[in-house]
Amino acid sequence: MRNPVLVVIAHGSRDPRHAATVHALVRRVRSLRPGLRVETGFLDFNVPSVQGVLESLAAEGVRDVVALPLLLTRAFHAKADIPAVLRDAPTRLRIRQAEVLGPSPLLLAALDRRLHEAGLTPADKPSTGVVLASAGSSDPEAIAVIADIAREWRHTGWCAVRPAFASASLPRTEDAVRELRDLGCARVAVAPYVLAPGFLPDRIARGAAEADVLAEVLGPAPEVARVLLERYDAARTPALAAVGA
């Protein structure tokens with residue numbers, strides 16, 4: 001029995017760095033599981049579109065697909081946009097929608113990786129406060145998840161961890177940086193909890209002007225690629241109902 005095709009669904013952006021990073025992540029996923037077919041579709045701004053990818057697969061005779069939202073929290077896109085696109089897919093396709101990537105211990109490991117790549121060492125943890133800077137959302141569930149991740153990450157040894165948001169919610173990155181300074185942290189680092197560069201990650205970077213360390217976005221970190229495969233494996237089990245079957 002053939003494995004379902006994995007269709008990674010990215011948001012898309014006018015910023016060319018976004019699509020380049022998504023493609024780099026997908027290449028890493030393919031390298032981790034060479035026998036798996038992985039396609040990429042975008043909701044907006046970039047090509048191919050999700051609908052176009054699904055129509056092409058149906059035309060080839062593909063039957064089973066796992067659609068994986070390239071999102072860190074379950075907010076509007078995961079709850080509304082993506083299910084709507086999948087409902088309009090060719091009827092011959094059996095599509096299962098995978099869960100979003102976060103939260104996951106692997107993503108915390110990826111955040112640590114990016115901070116270490118930016119110059120921090122494990123010995124720096126007790127004296128370093130970290131801003132967990134996400135894109136932001138008007139969805140209370142998504143905001144609560146970010147706060148929970150910050151609390152969990154704090155227990156791994158950091159001086160303090162504060163969530164921050166580039167849009168829709170408060171505090172902003174710069175405010176969280178100042179709060180950590182006021183708490184007495186000897187060093188402040190900003191860890192973007194975002195997958196690819198773009199408008200909001202750039203806002204996070206500007207908000208980190210007074211921080212000591214600014215990590216890169218998660219991007220094609222190997223831990224992120226492993227989360228994608230975990231979500232794919234969970235979604236392709238028969239226990240999950242097919243979308244539009």
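No experiment lies behind these values; they were computed from the predicted model shown.
If you run side-chain contact (heavy atoms from CB on, under 4.5 Å) between Ile204 and each of Val217, Val190, Val131, only Val190 comes through.
Using bins of under 30°, 30° to 60° and over 60° for the plane-to-plane angle, the ring pair Trp153/Trp158 lands in the perpendicular bin.
Between His23 and Phe42, a ring centre-to-centre spacing shorter than 6.0 Å is recorded.
At least one donor-acceptor pair closer than 3.5 Å links the side chain of Arg181 to the backbone N or O of Glu210. The backbone N or O of Gly136 lies less than 3.5 Å from no partner atom in the side chain of Ser169, so there is not a single donor-acceptor pair. Looking at Arg162, its side chain never comes within 3.5 Å of a backbone N or O of Leu132 through a donor-acceptor pair. Remark: the backbone N or O of Leu93 is not paired with any side-chain donor or acceptor of Asp64 at under 3.5 angstrom. With hydrogens and angles disregarded, a donor-acceptor distance shorter than 3.5 Å links the side chain of Arg203 to the backbone of Ala166. Of the possible polar contacts, none joining the Arg154 side chain to the Val161 backbone as a donor-acceptor pair under 3.5 Å is found. At distances below 3.5 Å, not a single donor-acceptor pair connects side-chain atoms of Arg226 with backbone N or O atoms of Leu106. Side-chain atoms of Asp88 never come within 3.5 Å of backbone atoms of Val85 as a donor-acceptor pair (strictly under, hydrogens ignored). A side-chain donor-acceptor contact under 3.5 Å links Asp212 to the backbone of Val188. Side-chain atoms of Arg92 come within 3.5 Å of backbone atoms of Gly61 as a donor-acceptor pair (strictly under, hydrogens ignored).
In this structure, Glu230 places its CD atom where more than 12 heavy-atom neighbours from other residues, nucleotides or ligands lie under 6.0 Å away.
Salt bridge present: Arg178 and Asp175 bring a charged side-chain N and a carboxylate O closer than 4.0 Å. A salt bridge between Glu60 and Arg37 is present, with a side-chain N of the basic residue lying under 4.0 Å from a carboxylate O of the acidic one.
Atom CD1 of Ile9 sits about 9.5 Å away from atom CG of Leu6, to the nearest 0.5 Å.
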